[in-house]
Amino acid sequence: MNAGFFVQLGASAAAVGALVALAAWAKIARPVSPLDEHKAREMLAEEFPGRRIDAVWVASDGAGALARSGGLALVLCRVGDGFAARQIPWAQAIAASFRDGRLRLNLADVAAPTAVIALPAWPPKDLAA
Amino acid sequence: MTRVHIDPVTLATPLFILTIILEIVFARLGKAKASYETKDTAVSLAMGLGSTVAGVLTGGVIVAATLWVWQHRLFDIPMTAAWAWVAIFLLEDMTYYWFHRISHERRFWWVSHVNHHSSQHYNLSTALRQTWTGAFNGSWLLWLPLAWLGFPPAMIALQKGVSLVYQYWIHTEAVGRMPRWFEAVFNTPSHHRVHHARNPVYLDRNYAGILIVWDRMFGTFQPELDEEPCRYGLVKNLATFNIVRVAFHEWIAMAGDALRHPRHALGYVFGPPGWSHDGSRETSAMLKARATSPAAAGATGPQPAAPQESPA
Ligand SMILES: [Zn+2]
Ligand SMILES: [Zn+2]
């Protein structure tokens with residue numbers, strides 16, 4: 001590595017900063033409307049094809065959803081202008097920490113560490129079994 | 001040997017920057033189809049920058065190995081002969097096809113290549129989203145036979161650079177279809193959109209570098225279907241923009257699986273992405289089979305105990 005390399009690297013880093021700023025200014029992310037139950041179910045069917053959905057809780061801000069499917073909790077969470085989906089054991093979802101109207105789910109995945117879902121109450125009384 | 005004075009990637013960097021500006025501005029004006037999300041763009045470009053640093057740090061070993069092999073070459077192939085350039089173009093491109101195919105079909109190579117696929121976007125910045133760890137997977141060994149045949153290392157390096165630069169422009173939704181003859185022979189935005197899509201029908205297809213003919217020859221070609229719009233990213237998309245997690249998540253997941261299940265470590269390392277010893281996860285082949293077989297539609301799928309893998 002020589003001085004030329006560092007000059008090039010510095011210039012490239014500056015260019016990266018400028019391009020990110022330009023992308024932010026342009027506001028050309030995909031439009032994402034908040035999830036409602038219908039959209040959440042559609043997305044769950046796409047992410048977990050063939051799975052029976054017992055119940056769905058949609059985040060009050062529409063930025064995520066949680067569904068029970070037998071012994072599993074199916075989780076949708078907003079990432080940028082898209083969504084990511086994971087599944088965890090239902091018992092873990094029931095035991096997850098719920099404070100100030102926010103449910104913090106540990107997804108136990110390096111690529112998806114946590115999902116935060118805004119809900120009016122948790123756990124659900126009738127399904128807490 | 002001849003010193004490599006021409007690096008196509010360095011030469012093309014101003015072009016990369018200019019064309020990303022154009023893609024963003026045209027999309028903003030509603031004149032081109034493209035979407036950019038700020039954090040996603042930042043991660044893609046930072047991965048690109050980091051990969052050039054990683055390339056400088058590891059490049060010495062690869063150059064030295066290539067030189068050593070070339071010193072034990074079978075033939076003397078002159079850089080001045082036109083036939084030699086035609087030959088290196090075809091051989092390097094076929095080597096790239098097989099490198100790219102193994103990078104998707106075996107987890108040990110996927111752990112690095114996954115980085116290129118982890119954006120849910122498909123724009124010119126996605127092209128620069130490159131792995132930091134590729135040298136550690138040893139896939140560069142695949143190019144050594146070219147040096148052994150007698151192609152000068154500079155010639156191989158140049159052709160690799162040309163291929164990388166060619167593949168840049170195809171990372172766009174702004175171009176629909178190229179003329180039919182072009183789509184038949186070359187890798188195009190349409191073919192490579194399929195490669196980046198997570199729809200089951202598109203998984204593990206279109207591994208081409210420059211020529212799409214390899215996919216047609218080796219049975220991995222899939223045209224883009226108007227009725228099946230591409231959804232980009234991984235089978236299990238990232239839920240983080242943390243660059244360290246983005247760069248290393250699959251390495252960590254692979255190591256974790258191998259350590260937790262030492263008796264099945266070989267499967268977790270060299271099996272296809274999504275392989276599991278208890279069938280609790282799904283590989284691309286399983287996802288494709290399920291999507292195409294209506295009989296399986298009512299099945300409940302696997303009963304995973306652990307988070308899923310991310311084949312794409
Ligand atoms: Zn790929
Ligand atoms: Zn690509």
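Letters A, B, ... mirror the listed sequences (proteins, then strands); counts begin at 1.
Closest heavy-atom contact between Thr38(B) and Ala24(A): OG1-CA, 3.4 Å. What you find for Ile17(B) and Leu19(A) is that their closest heavy atoms are O-CD2, 4.0 Å. For the pair Trp25(A) and Arg28(B), the tightest heavy-atom approach, listed with the atom from each and the gap, is O-NH1, 3.5 Å. In terms of heavy atoms, Glu47(A) sits closest to Lys236(B) at O-NZ, 3.9 Å. When all heavy atoms of Phe5(A) and Val56(B) are compared, the closest pair comes out as CE1-CG2, 3.2 Å.
If you tally non-hydrogen atom pairs under 4.5 Å between each of Phe16(B), Phe241(B), Tyr36(B) and chain A, the highest count goes to Tyr36(B). Between chain A and the residues Asn242(B), Leu238(B), Ile252(B), the most heavy-atom pairs under 4.5 angstrom are made by Leu238(B). Contact count against chain A (heavy-atom pairs under 4.5 Å) is highest for Thr240(B) among Leu128(B), Val246(B), Val25(B), Thr240(B). Ranked by heavy-atom pairs shorter than 4.5 Å toward chain A, the options Ile21(B), Asp40(B), Thr13(B) are led by Ile21(B). Considering only heavy-atom pairs separated by less than 4.5 Å from chain B, the leading option among Ile88(A), Val16(A), Asp81(A), Thr114(A) is Asp81(A).
Both the backbone and the side chain of Ala13(A) come within less than 4.5 Å of a heavy atom in chain B. Interface residue Thr10(B): only side-chain heavy atoms are found under 4.5 Å from chain A. Contacts of Phe48(A) with chain B are made by side-chain atoms alone, with heavy-atom separations under 4.5 Å and no backbone atom involved.
Side-chain contact check for His249(B) and Asp109(A): no donor-acceptor pair (N or O, by modelled atom type) lies under 3.5 Å.
Side-chain atoms of Arg86(A) never come within 3.5 Å of backbone atoms of Ala239(B) as a donor-acceptor pair (strictly under, hydrogens ignored). A donor-acceptor pair under 3.5 Å is absent between the side-chain atoms of Arg245(B) and the main chain of Ala111(A), judged by distance alone.
Residues Val79(A) and Asn237(B) fail the side-chain proximity criterion, which asks for heavy atoms closer than 4.5 Å.
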Practice prompt. Would you please test Ile28(A) and Ser35(B) for side chain to side chain contact (heavy atoms under 4.5 Å, CB included) and show each step?
Written response: CA-CA 5 Å; Ile28(A) 49 169; Ser35(B) 64; 5.5 Å; no
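Here CD of Gln120(B) is found 7.0 Å from CZ of Arg30(A). Values are rounded to the nearest 0.5 Å.
The number of heavy atoms from other shown groups lying within 6.0 Å of CZ (Arg231(B)) is above 12. No more than 12 heavy atoms of other residues, nucleotides or ligands lie within 6.0 Å of NZ in Lys39(B), so this atom counts as exposed by the packing criterion.
A salt bridge does not link Lys27(A) to Glu37(B): none of the charged nitrogens lies less than 4.0 Å from a carboxylate oxygen.
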